[in-house]
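On a predicted model such as this, the values are computed, not experimentally measured, just so you know. Numbered from 1 within each chain, the chains take letters A, B, ... in sequence-line order.
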Amino acid sequence: MNWQKRTAKCGEISLSDVGNEVIINGWADSVRNMGGMIFFDVRDRYGLVQAVIEPENQKELANRAKELRSEFVVWIKGNVRNRENPNPNIPTGMVEILVSDFGIINKAEVPPFEIKDDIGTNEEIKLRYRYLDLRRSIMQKYMLTRNKVYQIAHLYFYDNDFVEIETPVLMKSTPEGARDFLVPSRINQGKFYALPQSPQIFKQILMVSGYDRYMQIVKCFRDEDLRSDRQPEFTQIDVEMSFVEQDDVFSVTEGFFVKLWKEVLGYDLAEPFQKMSYEEAMTRFGSDKPDLRFGMEIVNITDIVKNAEFKVFSEVIASNGLIGLINAKGCASYSRKQIDELTEFAKKYGAKGLAYIKILPNGEINSPIAKFLTQEETGNIIKAANAEDGDLLLISSDKKYRALTILGALRIEIAKRSGILDSVKDKFSFHWVVDFPLFDYDEESNRYVAMHHPFTSPKEEDIELLDASPAQARAKAYDLVVNGAELGGGSIRIHQEDVQKKMFSLMGMSDETAEAKFGFLLKALKYGAPPHGGIALGLDRIVMTLTGTENIRDVIAFPKTTTGLSLLDGSPSEVDSEQLSELGISLALKEE
RNA sequence: GGAGCCGUAGCUCAGUUUGGUUAGAGCGCCUGCCUGUCACGCAGGAGGCCGCGAGUUCGAGUCUCGUCGGCUCCGCCA
């Protein structure tokens, strides 16, 4: 061994080490050669500490130090001493190491970006050199927070009698839900495994087996397009419990988050979390994952304008639509251009246009639709919106849920633009959204699809609705929403075979298809399935919320780009034709 | 499947609107000087397939088309 092993960690050297000899290992940070004094910092994942060489007394060391560059791997031996000029800005700033010997363990090329927190470097470069990106202290902080979440999750659930059981990564491809990633079978040519979208069915089967409290920190895979909070492979804290109702799942989950927030952030969350129905969330906030850290609630003005001589409104009302608004406080000063931007924004969500009423600071009304409204109607709108001089009312009229969704999106957009979101960034608003519809109508395939998943139990009182009007039936499904992000979701499952069959048939699945696709679950339900339910928590998003980062790539060590590429290892990639033929696969690539 | 923004030095960006001398800046890098720095300072220096390919033009970083890549959003994501 041509280097000396560390006796201390860089970031942990403190005043109590003064007078002692230490050896540290790490990466050279900035080297500051003053001629008569040479300073350089040595960094490891615990922090950094200053080393000093005094050329007057240490000619040989000073000579060797000329070779030292940033990111070289080094060992340093020396005595810890008090600094003549302490630096209060860093944890080890009171002390320094007077080098008595050191060595370069390994040189490093000049990195493509500096290893420090505030770099504006392009995502592509950072991903290509992910090992350097991950060396930055902010990224290490993210990874260490993530590690804390693993440890606390394991401890918490273990302490509460949960059993961690691994479920297969190679499983059967099932219809419904996201697109599967497929894995060809060599031994069974022409057949494929799928990577799990979640261990849903396996954890239900484990309930049948009597493991009444299960948890697993597990990778899930969905072959869908990516977003800033979505990766094709992501991690869930997967939980399932037997002999429980919704409230039991809530209290176990809440206990976990209380512990997590306390131990990671020192933050006390109030229990129990608030609950809000899906209908209420949509009506008041235009979202099934509303951000409750601020108001700006949707105001329904359908009744106020029901007699207005305005074709756009009367047509919407005739077809049972909704006319609503949000009050963008103090935004009457928005220019034509800004309003146009908001209109374009609303169009992304299916809006045909966006009406507005400006209440100018002098009380004057400026609105392209004013001429269609009586003074009384305008006055009532302003009153309902609680509007004051200087406010801007944004009005959407459309099919009910589309209008609400548009207003909900505008609500967030206005909060972003006006700095409201920034002002609440240190707050946490945890709440449950409950009573989701059981089904969603899919226009494409002309059938009902499960809104949560096909194993979700309907609410007892809504079972009679199943035949007459499935769209009205509500599910025992719930989402955990934090600051406008869905951190988890779950449901009480169906544990009776006949109800499960009924669900499949309502979704337009024949008995044969249900048998072929989900027969193994249906069969298991026949052999003494206990009532059960659970939740899946998005670990990546939890870490995002804890660290305050906006992008899921920040909390995943080796993420994919928006197009699903891994720039570090260059996957996905072509494979040898031998590999394909062994699998019995030939390519039929789509032509342009 | 669709939309928007971006691609110029190792990195971040200006220059593109209105085509025309030798394509600039900051940081980083290299060399020298400097005894308390810590984003050290000072002086000097190197460094460019203007993403790639066609086209228009006397002439393209700048205009057009295509293509590749990154980011964001809609659809999609039980």
Side-chain angles (χ1 to χ4, degrees), chain A residues 29-41 48-57 62 66 69-71 82-90 92-93 96 98 109-129 132 174-180 197-198 200-201 220-232 234 341 344-351 405-406 409 412-413 436-440 442-444 448-456 475 477 479 486 489-491 503 507 536 538 550-551 553 560-563 565 567 592:
Chain A
D29 207 279
S30 77
V31 180
R32 301 179 293 278
N33 188 339
M34 323 283 299
M37 296 288 280
I38 301 168
F39 299 98
F40 58 100
D41 297 326
L48 59 79
V49 66
Q50 174 168 288
V52 57
I53 292 171
E54 298 173 333
E56 195 170 309
N57 314 316
K66 279 185 188 159
R69 296 288 182 275
S70 290
E71 302 315 316
N82 285 299
R83 282 206 202 180
E84 218 168 279
N85 287 337
N87 181 351
N89 299 321
I90 61 172
T92 61
E96 65 190 5
L98 178 62
E109 287 191 14
V110 175
F113 49 84
E114 293 176 73
I115 310 303
K116 60 180 193 182
D117 283 356
D118 291 314
I119 55 173
T121 306
N122 184 299
E123 200 69 23
E124 184 181 349
I125 311 266
K126 290 199 293 183
L127 289 176
R128 218 175 275 287
Y129 296 90
L132 295 178
T174 51
E176 304 298 314
R179 207 172 284 116
D180 283 326
Q197 299 171 27
S198 92
Q200 182 59 37
I201 297 176
C220 302
F221 306 85
R222 295 178 189 174
D223 187 6
E224 297 294 345
D225 288 356
L226 287 74
R227 285 287 191 287
S228 60
D229 63 350
R230 266 167 35 190
Q231 283 272 309
F234 61 98
E341 283 170 9
E344 283 310 305
F345 177 85
K347 281 183 178 169
K348 289 195 305 195
Y349 293 85
T405 303
I406 292 163
I412 300 295
E413 181 65 15
F436 276 85
L438 189 60
F439 294 109
D440 223 0
D442 181 34
E443 312 265 345
E444 235 171 81
Y448 287 104
V449 295
M451 187 148 182
H452 184 57
H453 60 53
F455 320 111
T456 300
D479 276 356
E486 179 196 331
S491 63
M503 279 294 289
M507 290 164 50
E550 299 270 290
N551 201 296
R553 288 185 302 271
K560 310 278 188 285
T561 66
T562 318
T563 51
L565 304 180
L567 299 180
E592 278 308 305

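OP1 or OP2 of B:rG69 has not a single side-chain nitrogen or oxygen of A:Thr563 nearer than 4.0 Å. Between B:rC40 and A:Ser30, a contact under 4.0 Å exists linking OP1 or OP2 to a side-chain N or O. Contact annotation: A:Arg32 side-chain N/O to B:rC34 OP1/OP2 distance is not under 4.0 Å. Within the structure, every side-chain polar atom (N or O) of A:Arg222 is placed at least 4.0 Å from both OP1 and OP2 of B:rC76.
Contacts of A:Ile38 with the nucleic acid, taken as non-hydrogen atoms under 4.0 Å apart, are absent. Using a 4.0 Å heavy-atom cutoff across all strands shown, A:Tyr349 reaches sugar-phosphate atoms only and no base atom. Residue contacts shown for A:Ile125 are limited to sugar-phosphate atoms, with no base heavy atom under 4.0 Å away. Using a 4.0 Å heavy-atom cutoff across all strands shown, A:Asn33 reaches at least one base atom of the nucleic acid. Within 4.0 Å of A:Pro175, counting heavy atoms only, lies no atom of the nucleic acid at all. Within the 4.0 angstrom heavy-atom criterion, only backbone atoms of the sugar-phosphate kind lie near A:Glu114; the bases stay farther away. Counting non-hydrogen atoms under 4.0 angstrom, A:Met34 reaches a base of the nucleic acid. Within 4.0 Å (heavy atoms only), A:Glu344 reaches no atom of the nucleic acid at all. Nucleic acid contact class of A:Glu109 (heavy atoms, under 4.0 Å, all strands): none.
Judged by distance alone with a 3.5 Å cut-off, no donor-acceptor contact links the side chain of A:Arg69 to the base of B:rG28.
Comparing B:rU18 with B:rA54, their C1' atoms are spaced 25 Å from each other, to the whole Å.
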Throw together a table of side-chain donor-acceptor distances under 3.5 angstrom for residues 118-127 of chain A, partners on residues two or more places apart or in other chains.
{"from": "A:Asn122", "atom 1": "OD1", "to": "A:Glu124", "atom 2": "N", "distance (Å)": "2.6"}
{"from": "A:Glu123", "atom 1": "OE2", "to": "A:Arg553", "atom 2": "NE", "distance (Å)": "2.8"}
{"from": "A:Glu124", "atom 1": "OE2", "to": "A:Arg128", "atom 2": "NH2", "distance (Å)": "3.0"}

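Here A:Phe39 packs flat against the base of B:rU37; its ring centre is closer than 5.5 angstrom to the base's six-membered ring, tilted by less than 30 degrees.
Across all non-hydrogen atoms, the minimal contact from A:Asp225 to A:Arg230 is O-NH2, 2.5 Å.
Here B:rC29 sits opposite B:rG45 as a Watson-Crick or G-U wobble pair (both hydrogen-bonding atom distances under 3.5 Å).
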